[in-house]
Amino acid sequence: TGVNKDDALRQAKLNYLEAIEGDPLRSHPYFWAGFVPIGDVSAIQFSTWGFWSFYLLGILGACFLFLAIFFWRRK
């Protein structure tokens, strides 16, 4: 959602701790403290073309496969 990765990880840890409130065993840092951001922590930017290109490639691939089978069986 445009949030930096370290902020998102912090919020996920807080949500986890809030969800298991009352369970002292699962709230131990062993279960949540091992996740540490390393490297570029800026927000991930998604492009709309990158999202739709997979669908377009899948449709073209299916059409090619259909035509290949059609002409192979036609022989």
Side-chain angles (χ1 to χ4, degrees):
T1 60
V3 180
N4 287 344
K5 294 173 197 149
D6 54 343
D7 293 333
L9 180 62
R10 179 182 176 275
Q11 190 59 46
K13 287 179 182 181
L14 292 174
N15 289 345
Y16 173 76
L17 290 173
E18 185 178 299
I20 61 164
E21 188 176 2
D23 187 359
L25 183 61
R26 287 184 22 198
S27 64
H28 191 276
Y30 173 81
F31 294 101
W32 56 266
F35 299 101
V36 179
I38 296 173
D40 181 20
V41 293
S42 62
I44 298 173
Q45 301 297 325
F46 293 102
S47 68
T48 55
W49 171 246
F51 177 74
W52 289 106
S53 63
F54 288 112
Y55 288 117
L56 182 63
L57 258 143
I59 291 170
L60 289 175
C63 290
F64 177 76
L65 184 63
F66 174 76
L67 288 173
I69 291 172
F70 176 75
F71 284 116
W72 178 69
R73 286 199 166 251
R74 196 167 175 214
K75 281 185 180 181

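Along the sequence shown, residues are numbered consecutively beginning with 1. Scope of the values below: all heavy atoms of this structure, side chains included, with no hydrogens, waters or symmetry mates.
Cluster membership for Leu17 and Leu25, using ILVMFWY side-chain heavy atoms within less than 4.5 angstrom, is not shared. Criterion: ILVMFWY side-chain heavy atoms under 4.5 Å apart, direct or through other members. Under it, Trp32 and Tyr30 are part of a common hydrophobic cluster.
Separating the CD1 atom in Ile69 from the CZ atom in Phe64 is a distance of 10.5 Å, to the nearest 0.5 Å.
A pairwise comparison of heavy atoms in Pro37 and Asp6 identifies CG-CB, 4.0 Å as the closest pair.
Residues Arg10 and Leu14 meet the side-chain proximity criterion, which asks for heavy atoms closer than 4.5 Å. Counting only heavy atoms from C-beta outward, the side chains of Arg26 and Tyr16 approach each other to under 4.5 Å.
At least one donor-acceptor pair closer than 3.5 Å links the side chain of Asp40 to the backbone N or O of Ser42.
Remark: Phe35 CZ is loosely packed, at most 12 non-hydrogen atoms of other residues, nucleotides or ligands lying under 6.0 Å away.
Side-chain contact check for Asn15 and Gln11: at least one donor-acceptor pair (N or O, by modelled atom type) lies under 3.5 Å.
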